[in-house]
Amino acid sequence: MATLNDRKAIINSIATSEFQLNRVDIAHDHFKDCFGELVFSEAVQRERLPKPIYKALQKTLRKGERLSEEIADAFASALKDWALEKGATHYTHQFQPMTGITAEKHDSFISPNGDGTAIAEFSGKELVKGEPDASSFPSGGIRATFEARGYTAWDPTSPPYIMESPNGATLVIPTAFVSWTGEALDKKTPLLRSMDALSEQAKRILKLFDKKVDRVFTTVGPEQEYFLIDRQFYLSRPDLINAGRTLFGAKPPKGQEMEDQYFGSIPERVIACMADVEMQLYKLGVPVKTRHNEVAPSQYEIAPIFENSNVATDHNQLTMEVIRRTAPAYGLAALFHEKPFAGINGSGKHNNWSMATDEGENLLNPGDTPHENAQFLVFCTAVIRAVAKYPELLRLTVATAANDHRLGANEAPPAIISIFLGSQLQEVIEQLEAGTSNPTKKSEFMEIGVSVLPKLPKDAGDRNRTSPFAFTGNKFEFRAVGSSQSIAGPNTVLNTIVAESLDYIATELESRIKAGKSLPAAIQDLLPSIIKESKKVLFDGDGYSAEWHAEAERRGLPNHKNTVDALPVVIRKDSIELFTKYKVYTESELKSRYNILCETYVKTITIEGKLTRFMAHNQILPAVLRYQNDLAATVNASKAAGADVSAASNLLKSVSEGAAKLAKAIAELDKGLEHHPKGELIDHARYSRDVIIPAMNAVREAADELETMVADDLWPLPTYREMLFIK
């Protein structure tokens with residue numbers, strides 16, 4: 001680990017280091033040729049599985065049916081042979097526990113024969129089910145510590161892949177994770193349930209339009225934001241190592257004010273790391289498409305093409321893991337915390353969400369004439385109704401201690417959930433409510449004013465970065481998701497609330513058609529009333545403005561400004577009724593999630609509070625006192641020499657007062673951390689929010705003020721001006 005009090009040596013080592021910038025040879029490893037080469041994809045399955053088995057497997061997956069033992073055995077045999085050819089020695093059932101990250105236990109393919117030799121074995125039974133210890137993962141009360149049995153269940157809709165490492169490779173099999181008694185202990189199982197629920201209700205709507213499909217999928221393309229800083233700075237900051245964010249740091253002379261980072265030239269070391277990450281992801285079948293500098297210094301983004309929500313969730317977890325593992329090879333550290341640096345933009349994960357049939361039709365594509373596209377209007381109205389009816393559930397899905405630092409600032413959407421449609425679609429919805437059809441906003445070309453440039457087709461609406469839920473052409477972008485979050489939770493809720501709306505609309509349309517109305521007449525009769533009830537959530541203005549907050553309150557829109565306010569929504573009666581009706585969560589599973597969310601919040605703030613106390617007491621205050629002693633010695637020596645001591649005396653006075661302020665703040669934080677509130681979990685969470693966080697902020701305020709006074713060579717921590725701008 002780098003020496004904490006020798007920042008100049010760290011900076012010098014960064015300046016003189018030669019990093020390995022050519023780990024990826026694009027000339028010899030062309031991305032289009034290696035895409036998916038480490039994935040047991042549908043194409044590989046078609047090639048390696050017996051034709052009857054392959055066809056039976058595809059039919060089973062299309063219809064969402066249970067796999068037979070015969071299919072599982074054949075699949076396992078072909079998968080084993082392929083994995084061994086790729087150099088795999090072990091396999092793992094990877095799952096997504098309630099920690100929000102992935103978990104895995106590796107087992108070898110080797111089975112001893114008993115005669116001193118061994119063979120490689122892998123059966124359908126081993127493929128379908130694994131048994132990791134479930135006692136040490138968050139269960140929220142579903143399982144006691146002594147109740148250790150848990151199962152992983154193969155998810156055949158997310159293809160297995162090979163994860164390479166310096167000394168071998170591992171076959172990774174995506175799985176669900178459930179308890180011995182069958183409750184979901186993970187994030188994948190509820191997501192798959194929610195996708196089934198939405199599919200069933202969407203098919204009812206499509207049937208009314210004389211379209212028969214086997215399944216409707218939700219699709220997602222999550223834009224991933226993250227920071228890259230020098231690894232030696234990272235290792236010199238206990239707060240970054242243990243909390244993921246800086247708990248101290250004075251505002252640098254230059255932050256993002258010049259707006260010169262966004263879409264700027266990518267630094268050489270960073271782009272080398274990005275290229276390495278992308279090549280690994282291409283081999284793993286992750287369809288990453290975009291990379292660029294983000295708004296804050298040292299902040300970047302990687303974005304994929306749309307995929308099935310379940311696969312997209314797995315791939316997003318994989319993307320974060322590959323970035324995290326690759327960065328150190330380039331002397332960098334990747335930060336996924338929503339707000340690693342105060343005073344500059346934090347990181348989100350824009351969740352671009354839509355619905356599509358198994359035949360490839362995007363159900364949120366308005367086409368050229370959305371006024372005439374009845375099917376699109378039905379599905380779009382269902383989404384609007386869902387967000388209007390369940391805004392608190394959507395807010396809950398992005399409620400974390402980390403995201404509290406980001407939501408509502410001038411960088412991310414506010415905590416008030418609203419929908420931006422764009423001017424053309426907004427007009428369509430308004431006219432649908434009014435029962436008229438006289439569009440004034442038609443597609444047109446944009447005049448650029450430069451003769452050599454072509455005319456560009458103008459989009460039907462502008463974009464609105466202040467909207468938490470915005471329609472962006474053929475999808476909705478849920479912008480409030482935090483960068484470190486699994487997208488499984490937000491998409492599980494989004495799928496479920498839209499399924500409820502589709503169920504409502506399908507039932508109403510079926511009733512009207514049964515009564516003798518045509519489908520167009522039934523739609524025209526139903527949608528205006530839904531829009532009238534739901535339009536309170538539509539807003540196309542500045543979501544950051546005070547006026548909108550006042551307007552939202554008048555409209556009756558909820559505004560849960562922090563995680564603690566949002567948490568009780570999980571176990572509210574209407575939430576339980578919704579999720580149990582569509583079999584996404586049981587009541588006990590919902591209560592367990594509530595407990596886990598409360599515990600996670602309390603643990604996060606407690607860890608940050610203890611880190612704040614440690615760093616302030618053991619690193620910052622000693623450095624300040626050393627500087628104070630140096631100043632006192634200077635004042636005394638200057639007095640003895642008859643020199644003017646006013647400047648040194650004034651500085652000594654300021655530093656002494658700052659040290660006293662810091663010591664007092666540390667004592668208050670100490671008192672807060674030692675107190676243990678009684679009551680429910682939510683009471684502990686409220687205490688953390690109302691007592692520990694303000695105490696932490698007071699310590700930081702005192703320390704950051706001292707950072708601007710203490711001699712640079714004595715300050716024990718890498719500063720913002722160093723971490724953000726030395727690349």
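- Judged by distance alone, the side chain of E508 and the main-chain N or O of I523 form no donor-acceptor pair under 3.5 Å.
- E42 and Y54 share a donor-acceptor pair across their side chains, judged by distance under 3.5 Å alone.
- Using a 4.0 Å cut-off between charged nitrogen and carboxylate oxygen, K188 and D186 do not count as a salt-bridge pair.
- Listed for the S158 side chain is no donor-acceptor partner under 3.5 Å among the backbone atoms of D155.
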Quiz item: Given the rule in the side chain to side chain donor-acceptor pair (under 3.5 Å) test, do T472 and K475 qualify, once you have shown the distances and angles that lead to the verdict?
Solution: CA-CA 6 Å; T472 54; K475 61 188 184 297; 3.1 Å; yes
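- In this structure, Q96 and T313 have side chains that are in contact, with non-hydrogen atoms separated by less than 4.5 Å.
- Distance alone, capped at 3.5 Å, places no donor-acceptor pair between the N345 side chain and the V295 backbone.
- For N316 and Q224, the side-chain atoms include at least one donor-acceptor pair closer than 3.5 Å.
- A distance-only check finds a donor-acceptor pair linking the side chain of T496 to the backbone of T492 [under 3.5 Å].
- Aromatic ring pairs are classed by plane angle as parallel below 30°, tilted from 30° to 60° and perpendicular above 60°; the pair F177 and F95 is tilted.
- Judged by distance alone, with hydrogens and angles left aside, the side-chain atoms of S575 form a donor-acceptor pair with the main-chain N or O of V569 at under 3.5 Å.
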Exercise. Check the pair E361 / K211 against salt bridge (charged side-chain N to carboxylate O under 4.0 Å, His left out), numbers first and verdict last.
Key: CA-CA 11 Å; E361 181 185 5; K211 293 182 179 180; 2.9 Å; yes
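- Summarising the local packing, CD of E553 is surrounded by 12 or fewer heavy atoms from other residues, nucleotides or ligands at distances under 6.0 Å.
- Side-chain N or O atoms of S199 include none that pairs as donor or acceptor with a backbone N or O of M195 at under 3.5 Å.
- In summary, of the residues considered (N351, T218, N310), a side-chain hydrogen bond (donor to acceptor under 3.5 Å, both in side chains) with N491 occurs for N351 alone.
- Partners of F379 by ring pair (Phe, Tyr, Trp, His ring centres under 6.0 Å), not counting sequence neighbours: none found.
- Using modelled atom types, no side-chain atom of D525 and backbone atom of A521 make a donor-acceptor pair closer than 3.5 Å.
- Taking a cutoff of 4.0 Å between a charged side-chain nitrogen and a carboxylate oxygen, E500 and K389 qualify as a salt bridge.
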Practice problem: Could you walk me through whether S179 and E183 pass the side chain to side chain donor-acceptor pair (under 3.5 Å) test, one step at a time? | Solution: CA-CA 5 Å; S179 73; E183 294 99 344; 2.6 Å; yes
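- For E533 and R385, the salt-bridge test fails: no basic side-chain N is under 4.0 Å from an acidic carboxylate O.
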Practice problem: For the pair K581 and D503, evaluate salt bridge (charged side-chain N to carboxylate O under 4.0 Å, His left out) and give the outcome as yes or no after the intermediate values. | Solution: CA-CA 11 Å; K581 177 181 179 180; D503 184 2; 3.7 Å; yes
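- In terms of modelled atom types and a separation under 3.5 Å, the side chain of T175 and the main chain of W154 share no donor-acceptor contact.
- Q485 contributes no side-chain N or O that, together with a main-chain N or O of E338, makes up a donor-acceptor pair within less than 3.5 Å.
- Counting heavy-atom neighbours within 6.0 Å of K203 NZ, excluding the residue itself, gives a total above 12.
- No donor-acceptor distance shorter than 3.5 angstrom exists from the side chain of R593 to the backbone of I571, with no hydrogens or angles considered.
- In this view, Y585 and F579 satisfy the ring pair (Phe, Tyr, Trp, His ring centres under 6.0 Å) rule, not counting sequence neighbours.
- The residue from K583, Q201, R215 that alone fulfils the side-chain hydrogen bond (donor to acceptor under 3.5 Å, both in side chains) condition with D196 is R215.
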